[in-house]
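Here the structure is a predicted model, which means the values were calculated and not measured.
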Amino acid sequence: QGIVYPSGNYSALPFVAAPFTIPDQSDSMLYLAFSEYFFQTSSFAYYTAGAFNITIAEETCSYFNISTEIFGSVIPEVAQYSVTPYPVMLKLTAIETPIVSLQQDSFTLEIQGSMEVFAVLPDSSTQSLFTMSITANTSITVNTFDQKLMGSLCLNR
């Protein structure tokens with residue numbers, strides 16, 4: 001049962017380690033087990049370090065062809081503000097420590113955050129268009145196929 005601390009901060013963490021047992025089996029040479037506490041403390045350390053804050057720059061958005069024109073077709077206020085299509089920049093920020101919970105054969109990750117969308121103007125300055133709250137809940141199942149560790153990701157909501 002490992003603990004991950006934020007860099008340079010070895011203070012008490014907001015989680016309590018719960019005991020867990022590993023099934024008594026002797027048919028394999030190696031067993032790996034990770035506690036929910038390990039993932040919770042890792043999530044807290046990454047959140048504290050700002051690792052869940054991501055800026056998707058103009059170059060990436062232009063690769064996916066995301067512009068004010070796309071948002072304007074969905075949000076009329078953006079269309080009124082930006083008659084000329086501009087590239088956009090997305091700023092994703094986690095607003096709480098992501099919650100990790102383990103089940104028998106999978107684990108879930110819930111992240112609450114916000115997304116701010118900026119128009120990138122011709123002089124490279126940015127203009128905030130809108131901000132929205134986001135909650136993402138994802139399940140990840142890990143299996144072994146042909147001696148390879150495989151995972152499947154499912155966006156629950």
| request: Would you name the heavy atoms of S43 and P98 that are closest together and state the gap between them? | output: OG-O, 2.7 Å
| query | T68 and A119: which non-hydrogen atoms are nearest, and at how many Å? | reply | CG2-CB, 3.8 Å
| task | If the plane angle is over 60° it's perpendicular, under 30° parallel, otherwise tilted; pick one for Y46 and F52. | result | perpendicular
| request: Using a 4.5 Å cut-off on heavy atoms from C-beta on, say whether the side chain of T108 contacts that of T138. | output: no
| task | State plainly whether one hydrophobic cluster holds both I54 and M132, where clusters connect Ile, Leu, Val, Met, Phe, Trp and Tyr through side-chain heavy atoms under 4.5 angstrom apart. | result | yes
| said: For the backbone of F38 and the side chain of S42, can you confirm whether one donor and one acceptor N or O come within less than 3.5 Å of each other? | reply: yes
| message | Checking the side chain of S125 only, and the main-chain atoms of L121 only, is there a donor and an acceptor separated by less than 3.5 Å? | response | no
Only pairs under 3.5 Å count here: list side-chain donor-acceptor contacts from residues 84-95, not counting sequence neighbours, and write none if there are none.
none

Residues 109-118, side-chain donor-acceptor partners within the protein, below 3.5 Å, at least two apart:
residue: E110; atom: OE1; partner: N137; partner atom: ND2; Å: 3.3
residue: E116; atom: OE2; partner: S128; partner atom: OG; Å: 2.7

| Can you hop from V74 to I56 via hydrophobic side chains spaced under 4.5 Å? | yes
| said: Taking V142 as the starting point, is it possible to reach L155 by hopping between hydrophobic residues whose side chains are less than 4.5 Å apart? | reply: no
| remark: Residues passing the side-chain contact (heavy atoms from CB on, under 4.5 Å) test with M150, sequence neighbours excluded, are F145, K148
| query | Any chain of hydrophobic side-chain contacts (each under 4.5 Å) joining I140 to V100? | reply | yes
| task | Could you tell me whether a side-chain N or O of S67 sits under 3.5 Å from a main-chain N or O of E69, the two making a donor and an acceptor? | result | yes
| request: Could you tell me whether D146 atom CG has more than 12 heavy atoms of other residues or ligands within 6.0 Å of it? | output: no
